Amino acid sequence: MKRLSGWIASPWVMLTLRLLLGALFLVAATPKILDPAAFALAVDNYHFLPTPLVNLWALVLPWTELSVGLLLVMGLGGARPVDQLTEAAALLSALMYLSFLIALSWALWQQLDIDCGCFNPRGADTITKAYLLRDGSLLIASVLVLLFHHRLEERKVTG
């Protein structure tokens, strides 16, 4: 088991997870920022948030996704100030994926025939249980980065 945690905490795995998570957030944020009205409609289709909060969520979430994506992609190892920002981004990533899982679960439980709005606010893909698996996996990846990214500071720098 210790070998597995050592492998998961390796710099290459952390880099891969950070870049994957960061890229996904950047790709997801862009169409929402470009078409906030369509994203607000996608959010409202969940019938989860009170109406006054729908527009606020639709405006804030994409910019948060963009910021988190940039921080995860830029994150560097080795006792640099941006490490704390990377860990904060990983925490925000985990919290966002948790909220996405709650919203998706709600939509499935309510048997809503709606699009996720995840990567295209005008999309036509109906939410399925596969979305829960995807976002659950990304939640785990976010938690792994949060827990193990700090170990990158322990690397020996030669030179």
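Note that the numbering runs from 1 along the sequence shown for the chain. None of these values were measured; they are calculated from a predicted model.
Of the possible donor and acceptor atoms, one in the side chain of Lys32 sits under 3.5 Å from a partner among the backbone N and O of Cys118. Between the side chain of Ser93 and the backbone N or O of Ala89 there is no donor-acceptor pair closer than 3.5 Å. Judged by distance alone, the side chain of Tyr131 and the main-chain N or O of Phe100 form no donor-acceptor pair under 3.5 Å. Of the possible donor and acceptor atoms, none in the side chain of Trp57 sits under 3.5 Å from a partner among the backbone N and O of Val43.
At a threshold of 4.5 Å between non-hydrogen side-chain atoms, the residues Leu21 and Val145 count as touching. Side chains of Arg18 and Ser142 form no contact here, defined as non-hydrogen atoms less than 4.5 Å apart. Side-chain contact between Leu17 and Phe148 is absent, with no heavy atoms from C-beta onward closer than 4.5 Å. Between Leu139 and Asp135 there is no side-chain heavy-atom pair separated by less than 4.5 Å. The closest side-chain heavy-atom distance from Asp125 to Cys116 is not below 4.5 Å. Side-chain atoms of Arg122 and Pro31, non-hydrogen and from C-beta on, never get closer than 4.5 Å to each other. You'll find the side chain of Thr86 stays beyond 4.5 Å of the side chain of Leu71, heavy atoms only. Proximity of Leu112 to Asn45: side-chain heavy atoms (C-beta onward) are nowhere separated by under 4.5 Å.
Atom CG of Leu108 sits about 10.5 Å away from atom CG of Leu101, to the nearest 0.5 Å. Here the straight-line distance linking atom CG of Leu41 with atom CD1 of Ile114 works out to 10.0 Å at 0.5 Å rounding. To the nearest 0.5 Å, the span separating OG1 on Thr30 from CD on Glu65 amounts to 9.5 Å.
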Apply ring-ring contact (aromatic ring centres under 6.0 Å, His included) to the pair Phe25 and Tyr97, showing each step before the final yes or no.
-> CA-CA 11 Å; Phe25 276 121; Tyr97 279 116; 5.2 Å; yes
